[in-house]
Amino acid sequence: MDYSSNHITVVDNGPAAKAGIKTNDQILKVGSHKVDNWQDIISALSETTKDQKTNQAIPFLINSKGQEKTVNLKPKKENGSYVIGIHAPLKTGILDKIFGGFQMAANGALIIVVALKNLITGFSLDKLGGPVAMYQMSNQAAKNGLESVLNLMAMLSINLGIFNLIPIPALDGGKIMINIIEAIRRKPLKQETETYVTLAGVAIMLVLMIAVTWNDIMRAFF
């Protein structure tokens with residue numbers, strides 16, 4: 001992916017395609033925010049939609065084949081965030097693919113870490129997704145083609161890896177935390193203490209899983 005450019009690739013039948021934006025068009029402005037690269041586009045879209053209560057149309061200034069024009073694009077809300085059906089243009093060189101893969105993984109990890117930080121500072125079940133949300137995302141990715149499915153699988157793998165490092169006793173991060181505590185104390189915890197701590201972590205995870213799944217069902221069907 002070329003994240004240094006503000007040229008885009010448009011997803012078929014997405015909001016951008018329906019608004020008349022085409023692949024290789026150049027986005028110059030999102031709402032009142034000027035953009036120079038892919039990261040600017042993401043940040044501007046997030047800033048523009050953060051206070052939206054409904055799917056309001058956003059003016060996009062684009063350069064299409066040398067001609068500048070403004071199109072009104074209505075983002076689509078999916079799983080608590082707004083999407084417009086575009087992604088960064090794909091470079092096809094061997095080195096571009098290798099470095100692009102690492103860059104996509106790093107950007108995906110950063111997004112997940114920021115989301116976890118926001119979850120901690122302002123906890124809400126609406127910021128989490130369980131099996132029902134996973135089904136909805138998988139279904140949408142399947143409609144958008146193989147590339148979207150692979151992107152989703154990669155993001156889920158990164159998400160799982162980072163989540164597993166959270167210092168909750170039932171996770172690997174919790175085990176690492178216990179090892180650090182033991183290293184500081186210079187003696188191991190009692191086996192009973194470690195067992196109780198681990199069971200408490202499992203209980204927390206089970207309660208959270210049930211609450212998130214119930215919240216997904218309420219959002220999806222009611």
inquiry  = Once side-chain contact (heavy atoms from CB on, under 4.5 Å) is applied, do any residues pair with V10, and if so which ones, sequence neighbours excluded?
reply    = I8, A16, A17, I21, T23, I86

request  = Would you mind listing every salt bridge (Lys or Arg N to Asp or Glu O under 4.0 Å) that reaches into residues 155-181, with sequence neighbours excluded?
outcome  = K175-E194

query = Which salt bridge (Lys or Arg N to Asp or Glu O under 4.0 Å) pairs, counting each pair once, include a residue from residues 149-158, with sequence neighbours left out?
reply = none

message = Nearest 0.5 angstrom please: M218 CE to D216 CG, how far?
response = 11.5 Å

query = CG of N179: more than 12 outside heavy atoms within 6.0 angstrom?
reply = yes

For N215, all residues meeting side chain to side chain donor-acceptor pair (under 3.5 Å), sequence neighbours excluded = D126

task = Share the residues that join L206 in a hydrophobic cluster, the rule being Ile, Leu, Val, Met, Phe, Trp or Tyr side chains under 4.5 Å apart at the heavy-atom level.
result = V202, M209

task = State which residues pass side-chain contact (heavy atoms from CB on, under 4.5 Å) with I181; sequence neighbours excluded, sorted by chain then number.
result = M177, R185

Nonpolar side-chain network containing V11, other nodes, edges under 4.5 Å = none

key: Connected hydrophobic set around V114, excluding itself, where side chains approach under 4.5 Å   = L110

key: Passing option when P59 is tested against T48, V71, T70, L73 for side-chain contact (heavy atoms from CB on, under 4.5 Å)   = T70

query = Looking at residues at least two apart in the chain, or sitting in another chain, which of them share a side chain to side chain donor-acceptor pair (under 3.5 Å) with N159?
reply = none

message = With salt bridge (Lys or Arg N to Asp or Glu O under 4.0 Å) as the rule and sequence neighbours excluded, what pairs involving residues 8-17 come up?
response = none

remark   = D40 meets the salt bridge (charged side-chain N to carboxylate O under 4.0 Å, His left out) criterion, sequence neighbours left out, with none

inquiry  = Clusters formed by hydrophobic residues whose side-chain heavy atoms approach within less than 4.5 Å: which one holds I111, and what are its other members?
reply    = none

